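First comes the structure, then the notes that go with it.
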Amino acid sequence: MPELPEVETTVRGLKEAIVGRRVREVEVTWERTLANASPAELGAALAGVTIADVTRRGKHVVLHFADGAALAVHRRMTGNLLVRPPGAPTEPYTRLTLRFDDGSELRFVDIRKFGRASYHRDQAALAAFFAQVAGPEPLEDLTPQRLAALLARRRGRLKPLLLDQTFLAGIGNIYADEILWTAGLHPERRADSLAPAEIGRLADAIRDVLLAAIERRGTSLRDYRDSDGERGDNQRFLAVYGRAGAPCPRCGAPIEKRWLGQRGTHVCPRCQPIHAGPPPDHMGETRAGERCGPERL
DNA sequence: CCACGATCCTGCTAGC
DNA sequence: TGCTAGCAGGATCGTG
């Protein structure tokens with residue numbers, strides 16, 4: 001569910017809400033949520049410790065504690081991190097709760113139980129963890145030159161590569177489809193086949209699509225909520241994702257849905273030709289940000 | 001290195 | 001109305 005823009009939105013909300021709060025106790029209601037510790041170990045490690053900062057790395061929310069330790073939370077498909085005041089009724093599907101000194105709570109609510117939290121005793125351990133699971137941040141200095149180097153000698157197809165978190169950290173199924181449409185690139189293009197102009201379009205699309213979605217506080221199709229429980233707005237601006245059969249906002253051709261790497265994939269057959277080459281003439285008629293209409297709320 | 005299938009889970013919905 | 005198959009913002013592991 002949550003991809004980079006949703007995680008970024010959540011992190012900004014959590015920073016406001018819980019930095020400076022001190023953990024009184026930890027409650028674990030679904031043990032497998034904890035990836036590398038027992039409930040007792042996590043409780044002992046966090047009791048009495050203050051939240052010093054909240055950051056994002058890829059799709060992970062990272063809670064940093066005053067003692068240098070950190071808790072990395074990956075929400076997978078349906079997980080949400082909600083801040084609730086003292087005495088607020090518990091949400092169903094709550095898997096993990098940090099209760100603070102003032103009685104307020106941070107709750108990890110996750111219908112499908114895929115989400116995971118991992119505890120890291122210090123910065124070195126945290127860095128080692130992310131070295132394993134997360135590649136470069138797509139919003140930090142992703143120049144066309146750098147993207148070209150990343151794509152070189154990659155023989156796989158574009159979309160599965162964008163979904164590979166060690167290639168770039170934070171892009172998921174929605175934004176991969178939106179990015180490739182924005183760049184006018186077919187998801188099955190071989191990654192090392194892009195011309196320099198195409199790499200430039202891809203770098204621009206990655207930045208533009210992700211930044212626009214952050215500005216709209218993320219995409220809420222069904223389950224995603226921010227730390228206040230609010231929905232995002234970006235679902236109203238999707239060009240291809242979830243719009244099979246509907247007209248392409250740029251050229252009007254019906255959006256196709258196909259299956260690629262076990263993921264539903266949405267593509268405009270006219271704007272995203274499978275063969276390498278210059279973009280179709282109509283590319284650029286619509287600028288990023290003004291695409292889409294109200295036909296799908 | 002790359003593709004594919006199975007697995008972990010629950011809820012919703014389209015179609016019969 | 002009621003049931004069921006299939007699908008869902010993800011990642012990992014094993015096989016070929």
Side-chain angles (χ1 to χ4, degrees), chain A residues 1-11 29-36 56-61 72-81 91-96 108-118 129-130 132-135 138 150-181 187-193 209-210 212-214 216-226 231-245 257-266 296:
Chain A
M1 158 200 80
E3 309 180 30
L4 188 153
E6 292 74 39
V7 180
E8 181 64 29
T9 302
T10 302
V11 162
T29 36
W30 182 252
E31 283 208 32
R32 300 185 65 168
T33 301
L34 303 187
N36 64 351
R56 181 188 62 73
R57 180 75 175 88
K59 298 175 187 171
H60 297 257
V61 172
V73 180
H74 194 307
R75 296 140 78 183
R76 297 283 175 94
M77 297 286 262
T78 56
N80 279 315
L81 285 164
E91 284 82 5
Y93 313 113
T94 299
R95 311 298 181 197
L96 171 68
F108 182 58
V109 178
D110 181 24
I111 294 176
R112 288 179 73 181
K113 300 178 174 173
F114 287 168
R116 294 290 181 267
S118 58
F129 171 67
F130 282 129
Q132 287 247 329
V133 300
L150 289 171
L151 290 167
R153 291 175 301 282
R154 301 297 301 240
R155 305 165 65 87
R157 298 166 296 182
L158 265 185
K159 176 162 175 190
L161 195 58
L162 287 179
L163 293 179
D164 179 349
Q165 300 301 296
T166 63
F167 177 74
L168 284 176
I171 297 169
N173 208 34
I174 294 179
Y175 297 111
D177 283 3
E178 295 296 310
I179 285 166
L180 290 169
W181 176 83
E188 295 182 58
R189 282 285 300 282
R190 227 178 85 151
D192 65 0
S193 76
V209 167
L210 295 178
I214 290 171
R216 298 172 186 135
R217 305 182 54 81
T219 302
S220 293
L221 291 181
R222 19 155 56 89
D223 299 307
Y224 166 68
R225 299 292 183 275
D226 70 13
R231 299 168 61 92
D233 287 327
N234 197 62
Q235 61 278 9
R236 301 192 288 128
F237 298 88
L238 297 176
V240 287
Y241 188 89
R243 298 190 64 249
K257 183 171 183 185
R258 54 181 71 207
W259 210 250
L260 216 185
Q262 284 99 256
R263 311 298 298 274
T265 297
H266 309 78
R296 187 173 180 285

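On a predicted model such as this, the values are computed, not experimentally measured, just so you know. So that the names make sense, note that chain A is the first sequence line, chain B the second, and so on, each numbered from 1.
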Applying side-chain hydrogen bond (donor to acceptor under 3.5 Å, both in side chains), name anything that partners [X], two or more places apart in sequence or on another chain.
X: A/N36; value: none
X: A/T10; value: A/R75
X: A/R157; value: none
X: A/R190; value: A/D192

For A/K159, all residues meeting salt bridge (Lys or Arg N to Asp or Glu O under 4.0 Å), sequence neighbours excluded:
A/D177
With sequence neighbours excluded, what pairs up with [X] under the side-chain contact (heavy atoms from CB on, under 4.5 Å) test?
X: A/A191; value: A/L151, A/R154, A/L158, A/L161
X: A/F129; value: A/H60, A/A72, A/S118, A/H120, A/V133
X: A/R112; value: A/M77, A/T78, A/F114
X: A/R56; value: A/L4, A/V7, A/E8, A/V11, A/E137

Would you mind telling me which residue lines up with the more 5' stretch of DNA chain B, A/R32 or A/R155, judged by nearest nucleotide?
A/R155
Could you pull out the closest heavy-atom pair between A/P2 and A/G79, with the gap in Å?
CG-O, 4.2 Å
Length of the [atom1]-[atom2] vector between [X] and [N], whole Å:
X: A/L260; N: B/dC2; atom1: CG; atom2: P; result: 14 Å
X: A/L168; N: C/dA11; atom1: CG; atom2: P; result: 13 Å
X: A/Q132; N: C/dT12; atom1: CD; atom2: C1'; result: 12 Å
X: A/L34; N: B/dC8; atom1: CG; atom2: C1'; result: 16 Å
X: A/N36; N: C/dT12; atom1: CG; atom2: P; result: 14 Å
X: A/L163; N: C/dT12; atom1: CG; atom2: P; result: 13 Å
X: A/W30; N: B/dC8; atom1: CH2; atom2: P; result: 11 Å
X: A/R116; N: B/dC9; atom1: CZ; atom2: P; result: 7 Å

Pairing donors with acceptors under 3.5 angstrom, does anything connect the side chains of A/Y224 and A/E3?
no
Distance, P atom - from B/dC9 to C/dT4, rounded to whole angstrom
23 Å
What's the closest nucleotide to the A/R157 side chain, out of B/dC9, B/dC4, C/dA11?
B/dC4
Which nucleotide in B/dC2, B/dC8, C/dT12 has an atom nearest any side-chain atom of A/F114
B/dC8
Identify all pairs in which a protein N or O lies below 3.5 Å from an N or O of nucleotides 14-16 of chain B, and state each distance.
none

Which dot-bracket string fits DNA chain C when only Watson-Crick or G-U wobble pairs with both atom distances under 3.5 Å count, crossing pairs get [ ], and | stands for a partner on a different strand?
.|||||||.|||||||
List every contact pair, protein side and nucleotides 4-8 of chain C side both N or O, where the distance is under 3.5 Å.
residue: C/dA8; atom: OP1; partner: A/K257; partner atom: NZ; Å: 2.8
residue: C/dA8; atom: O3'; partner: A/Y241; partner atom: OH; Å: 3.4
residue: C/dA8; atom: N3; partner: A/R112; partner atom: NH1; Å: 3.2

Would one find a side-chain N or O of A/K113 under 4.0 angstrom from OP1 or OP2 of B/dT10?
yes
Taking only side-chain N and O atoms of A/R76, does any of them lie within less than 4.0 angstrom of OP1 or OP2 on B/dT10?
no
Determine the contact category for A/Y93: base if any of its heavy atoms lies under 4.0 Å from a base atom, sugar-phosphate if only primed atoms, P, OP1 or OP2 are that close, otherwise nothing.
sugar-phosphate
For a side-chain contact (heavy atoms from CB on, under 4.5 Å) check, start with the C-alpha distance between A/L96 and A/V73, then their side-chain angles and the critical distance, and finish with the verdict.
CA-CA 11 Å; A/L96 171 68; A/V73 180; 5.7 Å; no
